[in-house]
Amino acid sequence: MPSDAAPGGVVGPEQASRWAWDGTSRWYPRLLTDGVRVERCLDLRLAHRLLRGSAYADASRLARAPTGAFDEAASPLEPTPAASGRAQPVAATLFDVDDDGPGEGLPGPPVDAGGVARPGAAACVDEVALLDEAIAGSTHPGRLRLLVAAESAGALAAAEMHHAGVPWDTAEHDRVLTDLLGARSAGPRSTPEARPERMAALAAQVRAELDAPTLNPDSLPDVLRALRRAGLPATSTRSWELRGLDHPAIEPLLAYKKLSRLHSANGWAWLDRWVVDGRFRPEYVVGGVVTGRWGSSGGGALQLPRQIRSAVRADEGWSLVVADAAQLEPRVLAGLARDERMAAAGNGRDLYQGMVDARVVDERAQAKVGMLGALYGGTTGASAAVLPRIARAFPQALGHVEAAARAGERGEVVTTLLGRSSPRPGAAWAQVQADALDPDASRNAESRARAQTRAWGRFTRNFVVQGTAAEWALCWIAEVRRRLWRLGELDGPPGRAPEPFARRPHLVYFLHDELVVHTPTAWARVVEAEVRAAAAEAGRLLFGGFPVDFPLSVAAGRTYADAKG
DNA sequence: ATGTGGGGCGCG
DNA sequence: AAAGCGCGCCCCACAT
């Protein structure tokens with residue numbers, strides 16, 4: 001169906017229809033371009049990938065099915081040829097569903113299978129049945145339904161954030177760059193002359209101090225050679241290693257590297273390429289990370305350095321509400337492991353401070369570093385030193401991640417709360433293990449195998465926590481999205497945000513445990529309350545009545561930097 | 001010329 | 001101060 005026949009009557013919040021399509025990123029952008037917002041969907045590709053890999057559904061027909069169209073990543077549709085002035089046919093299939101909440105049921109039979117489908121409307125219908133069967137026959141149907149619904153809702157949110165864009169103050173960005181880097185150079189790109197003023201000056205200083213007139217400070221071998229020639233025991237050019245060296249070239253070199261990073265990653269070239277009409281529009285890749293976190297492609301959306309966050313600026317009369325979940329991963333672990341003492345330490349307060357108050361550790365910093373060590377599998381330094389105290393205080397929680405690590409070391413699969421399973425180690429992994437078992441194996445082969453085993457254990461240890469935290473975050477963003485839309489439209493003139501968000505608070509940025517809402521300033525307090533309520537709801541969806549809470553730090557401001565305080 | 005891999009560093 | 005997890009992107013060096 002052409003986009004002007006897009007589902008006018010089926011997308012309002014009072015409607016209960018759900019799109020089932022082979023890729024939200026493929027179909028939703030053009031609906032949004034037409035100002036159409038979809039309340040709910042089932043993303044068949046995302047669901048397929050999740051369910052096929054889930055240990056909860058490993059006995060399903062789906063788990064044994066040969067790979068097919070739904071195993072590949074969704075490719076975006078070709079842009080509509082401008083000349084035709086018409087949208088391509090929509091291949092998604094519309095299903096009628098009961099008015100149940102997310103996770104309470106997959107769509108029923110199709111009532112409208114319109115248009116040309118790739119992989120085909122009929123294939124979509126079959127796929128829905130296959131997925132439904134896999135869920136129904138799984139060990140945890142409720143969890144998998146929730147996961148599929150949350151992942152699909154996340155895909156909608158991701159497309160909407162791309163559509164709305166992050167409001168960007170180009171002049172402020174330019175000011176920051178000029179401030180730090182000095183005047184922009186007029187020299188041709190990819191030549192030393194292209195370096196901004198301050199970078200060029202620092203480069204000259206480094207060359208002088210190292211007596212290396214042609215040194216390129218961007219070249220590792222160059223820098224290493226020059227440092228060695230100056231009698232310094234450098235083995236790399238990592239900042240923290242350089243910091244330990246005593247030589248007049250070090251300070252300008254470190255300063256150069258810092259500026260160079262800003263210039264190359266988020267400098268004027270980035271601004272020209274990624275900010276259009278005052279909006280930064282990154283591509284989010286839902287489920288792009290093994291653990292279920294989102295990835296991004298283009299513009300480094302998930303690595304916006306603090307230095308330039310003052311350039312993220314709400315439109316006139318609008319504000320940014322920035323919320324982040326405090327100590328999300330340890331709290332998720334407390335819920336996952338049903339560790340009541342650990343949950344209690346974080347109840348209504350900073351979890352790390354709670355650990356000090358409960359005399360688990362002496363200082364907040366110890367709590368933080370020790371907890372990170374527990375989550376990541378740290379074995380050295382200050383982290384390892386406090387780990388035993390944390391293990392004594394929270395045996396349930398620590399036992400949970402230890403068990404995940406041991407399973408990984410045995411080459412087994414581990415699974416998040418809602419059912420995302422870790423990949424199995426690859427063929428290379430097995431080969432290294434086999435080599436070590438060979439009677440003639442060298443010391444080297446054995447230690448390589450041991451190191452690899454431990455590394456995979458650290459991966460699976462972290463997987464269950466990071467992955468479940470990602471599930472909490474998906475539920476959070478899905479709830480926020482739903483609640484914001486329910487607030488309705490503000491009276492008065494539309495803002496600069498594109499329809500359908502011109503008069504509505506809307507999500508513009510998401511970063512693992514943090515989100516940003518762009519809202520008319522008059523609504524900032526309301527938005528804040530909704531974002532908090534959504535976090536509480538996410539906790540209930542994952543952990544039911546288990547008493548673990550998820551406090552947020554929330555602030556409103558004109559810029560991202562202001563709101564972060 | 002173009003692709004690939006590693007070092008390095010930004011984010012959580 | 002980093003380490004222990006997960007990413008993306010830059011530059012350079014080196015392969016083709």
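- In summary, A:Glu537 and A:Arg483 do not engage in a salt bridge, as defined by a charged side-chain N under 4.0 Å from a carboxylate O.
- Summarising the geometry, the separation between CG on A:Leu375 and C1' on C:dA3 is reported as 14 Å, rounded to the nearest angstrom.
- Closest heavy-atom contact between A:Leu387 and A:Gly378: CD2-O, 4.0 Å.
- Within residues 210-232 of chain A, the residues that have a heavy atom under 4.0 Å from DNA chain C are, in order of number, A:Asn216, A:Asp218, A:Ser219, A:Pro221.
- Remark: P of C:dC5 and CD of A:Glu409 are 13 Å apart, rounded to the nearest angstrom.
- Atom CG of A:Asp277 has 12 or fewer heavy atoms from other residues, nucleotides or ligands within 6.0 Å.
- In this structure, A:Arg458 does not reach the C:dG4 phosphate: none of its side-chain N or O atoms is under 4.0 Å from OP1 or OP2.
- Atom CZ in A:Phe510 sits about 16 Å away from atom P in C:dC7, given to the nearest Å.
- Residues of residues 444-456 of chain A that place a heavy atom closer than 4.0 Å to DNA chain B do not occur.
- The separation between A:Leu328 atom CG and C:dG6 atom C1' is 14 Å, rounded to whole Å.
- Syn is the conformation of C:dG4, whose glycosidic angle sits no further than 90° from 0.
- The ring of A:Trp270 has its center closer than 6.0 angstrom to the ring center of A:Phe280.
- Contact footprint of chain A on DNA chain B: nucleotides with an atom under 4.0 Å from a non-hydrogen protein atom, first to last in 5' to 3' order, B:dG7 to B:dG12.
- Relative to the axis of its first five pairs, the axis of the last five pairs of the helix from B:dA1-C:dT16 to B:dG12-C:dC5 sits at 0°, rounded to 10 degrees.
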Considering only distance and modelled atom types, tabulate donor-acceptor pairs under 3.5 Å from the side chains of residues 242-253 of chain A, sequence neighbours left out.
unit_1: A:His247; atom_1: ND1; unit_2: A:Ala249; atom_2: N; d: 3.0

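- A side-chain donor from one of A:Tyr28 and A:Glu160 sits under 3.5 Å from a side-chain acceptor of the other.
- The stretch residues 252-263 of chain A touches DNA chain B through A:Lys257, A:Lys258, A:Arg261, each having a heavy atom within less than 4.0 Å of the strand.
- Separating the CH2 atom of A:Trp274 from the C1' atom of C:dG8 is a distance of 11 Å, rounded to the nearest angstrom.
- A salt bridge links A:Arg184 to A:Asp272: at least one charged side-chain nitrogen sits closer than 4.0 Å to a carboxylate oxygen.
- For the pair A:Arg293 and A:Glu329, the salt-bridge criterion is met [side-chain N within less than 4.0 Å of a carboxylate O].
- At whole-Å resolution of the value, CD in A:Glu329 and C1' in C:dC5 are 8 Å apart.
- Ring orientation note: the planes of A:Tyr509 and A:Tyr284 are tilted relative to one another, at an angle of 30° to 60°.
- Applying the ring pair (Phe, Tyr, Trp, His ring centres under 6.0 Å) definition to pairs two or more places apart or across chains, none involves residues 195-240 of chain A.
- Under the rule for a side chain to side chain contact (heavy atoms under 4.5 Å, CB included), the partners of A:Ser54 that lie at least two apart in sequence or sit in another chain are A:Tyr56, A:Leu144, A:Ser421.
- The distance between atom CG of A:Leu372 and atom P of C:dG6, rounded to the nearest whole Å, is 14 Å.
- Between A:Trp476 and A:Trp472, the ring planes lie tilted relative to each other; the angle falls in the 30° to 60° range.
- In this structure, A:Lys257 places its NZ atom where more than 12 heavy-atom neighbours from other residues, nucleotides or ligands lie under 6.0 Å away.
- The number of heavy atoms from other shown groups lying within 6.0 Å of CD (A:Glu197) does not exceed 12.
- Listed by residue number, the members of residues 289-310 of chain A with any heavy atom below 4.0 angstrom from DNA chain C are A:Val289, A:Val290, A:Arg293, A:Ser296, A:Ser297, A:Gly298, A:Gly299, A:Gly300, A:Gln303.
- Rounded to whole Å, the distance from CZ on A:Arg195 to P on C:dC10 is 17 Å.
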Review item, side-chain donor-acceptor pairs of residues 294-309 of chain A, under 3.5 Å, at least two apart:
unit_1: A:Arg309; atom_1: NE; unit_2: A:Leu304; atom_2: O; d: 3.1
unit_1: A:Arg309; atom_1: NH1; unit_2: A:Tyr560; atom_2: OH; d: 3.4
unit_1: A:Arg309; atom_1: NH2; unit_2: A:Leu304; atom_2: O; d: 2.9

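- With sequence neighbours left out, the side chain to side chain donor-acceptor pair (under 3.5 Å) criterion links A:Trp429 to no other residue.
- Across residues 233-246 of chain A, A:Trp240, A:Arg243 each have a non-hydrogen atom less than 4.0 Å from an atom of DNA chain C (numbered order).
- Summarising the geometry of A:Ala374 relative to A:Arg461, their closest heavy-atom pair is O-NH1, 3.1 Å, with the distance given to 0.1 Å.
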